[in-house]
Amino acid sequence: MILATWNVNSLSVRLEQLLAWMKENKPNIVCLQETKSVDEKFPCEPIVSLGYHCQYFGEKTYNGVAIIADRPIEKVQKGFVGEPTSSSKRFIEAEIDGIKILNTYIPNGQAVGSEKFFYKLSWLKGLKDHLEKMHSPGTPMVLCGDFNVAPEDVDIYDPQAMAGQIMCSDEERLALNDIRSWGFTDAYRLLEPGAGNYSWWDYRMGAFRRNMGFRIDHIWITQPLKDKCVKAWIDKAPRKLERPSDHAPVAVELTN
DNA sequence: ATGGTTGTAAAACAA
């Protein structure tokens, strides 16, 4: 089974690229972030026509997450349990084929020390609380999405220049590490230990051409899935297209 | 160079 995560930065703008990518790569599950689409306008028809189901949790202008799968999407939960609005449209989870799929768009945080930065840290705490309330690390589970954190220096093109900056600060890494140590393994890093592999490049300054990137989009798995994870990759092809998302899709293959 | 670009939505704001 192939599972992918992709911050599309507006689903309406990126719909044709998404459909083309799905036709070519035939993923079984796709988790989207930054759909920037209200639920009434979610483009179900072309996705269903390709043979997929979809569940979505969106809003106007900002945020928005969705799960697309080639098999039934069950037990859908939108937002953290008990507080669907305060977590904003940044979290959706479901069960697919007995695997819990948690799809998240963690706040960007703007700048270290800013109001949005502290919102990011409190949001991460909310995610941890949700995990502890609702889940057990012994169950087959995937936590994926745009985490807006580069976990280690190897995940940044210039660790010295970026030291302590947003997406790389100790506070963010500690908060994210607290979630990881609850019971997750970074599936990509498990299989691809090398440096220079990123999932996001700023639109500005020719960042993609110069590979000035950050690995901030992640697929994390619990222990029962660890041995089943046989392949992980970042597909840079869509980032090379006209009018690309600033993020590339990240994917893993899990065996039965 | 305190810069640069994109999306949303109609002037800033978020990223």
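Every value quoted in this text rests on a predicted model; they were computed, and no experiment measured them. Per chain, numbering begins at 1; letters A, B, ... match sequence-line order.
Linking ILVMFWY residues whenever their side-chain heavy atoms come closer than 4.5 Å, directly or via other members, places A/Val250 and A/Ile92 in the same cluster.
Legend: salt bridge (charged side-chain N to carboxylate O under 4.0 Å, His left out) pairs involving residues 37-49 of chain A, not counting sequence neighbours: none detected. Sorted by first and then second residue, the side-chain hydrogen bond (donor to acceptor under 3.5 Å, both in side chains) pairs with a member in residues 235-245 of chain A read A/Trp21-A/Asp235; sequence neighbours excluded.
Nucleic acid contact for A/Phe208: none, since no nucleic acid atom lies under 4.0 Å from a heavy atom of the residue.
Near DNA chain B, defined here as any heavy-atom distance below 4.0 Å, the residues from residues 4-21 of chain A are A/Asn9, A/Ser10, A/Ser12, A/Val13, A/Arg14, listed numerically. Residues from residues 158-169 of chain A lying near DNA chain B, meaning a heavy-atom separation below 4.0 Å, are absent.
When side chains are defined from C-beta on, A/Ile219 does not count as touching A/Tyr188, because their heavy atoms never get closer than 4.5 Å.
Separation of the A/Phe80 and A/Trp123 ring centroids falls under the 6.0 Å cut-off.
Under a 3.5 Å cut-off, the side chain of A/Asp97 and the backbone N or O of A/Ile99 do not form any donor-acceptor pair. Under the 3.5 Å distance criterion, the side-chain polar atoms of A/Gln33 are matched with a main-chain donor or acceptor of A/Asn7.
By the 30° and 60° cut-offs, the orientation of the rings of A/His218 relative to A/Trp220 is tilted.
Using atom P as the reference point in both B/dA1 and B/dG7, the two lie 30 Å apart (nearest Å). Look at the C1' atom in both B/dA15 and B/dA9: the space between them is 16 Å, to the nearest Å. Atom name C1', nucleotides B/dA14 and B/dG4: the rounded distance is 16 Å, in whole Å.
Map A/Asp202 and A/Asn63 each onto its nearest nucleotide of DNA chain B; the residue landing nearer the 5' end is A/Asp202. Summary of the strand contacts: A/Lys60 and A/Tyr203 both lie near DNA chain B, and taking for each the nucleotide with the nearest heavy atom, the more 5' one is attributed to A/Tyr203.
Other residues sharing a hydrophobic cluster with A/Val230 under the 4.5 Å side-chain heavy-atom criterion for ILVMFWY residues do not exist; the residue is a singleton.
A salt bridge is defined here as a Lys NZ or Arg NE, NH1 or NH2 lying under 4.0 Å from an Asp or Glu carboxylate O, and A/Glu253 with A/Lys231 fails to meet this definition.
Side-chain contact, A/Glu34 with A/His247: no donor N or O sits under 3.5 Å from an acceptor N or O.
The span of DNA chain B lying next to chain A, judged by atoms under 4.0 Å from heavy atoms, is bounded 5' to 3' by B/dG4 to B/dA15.
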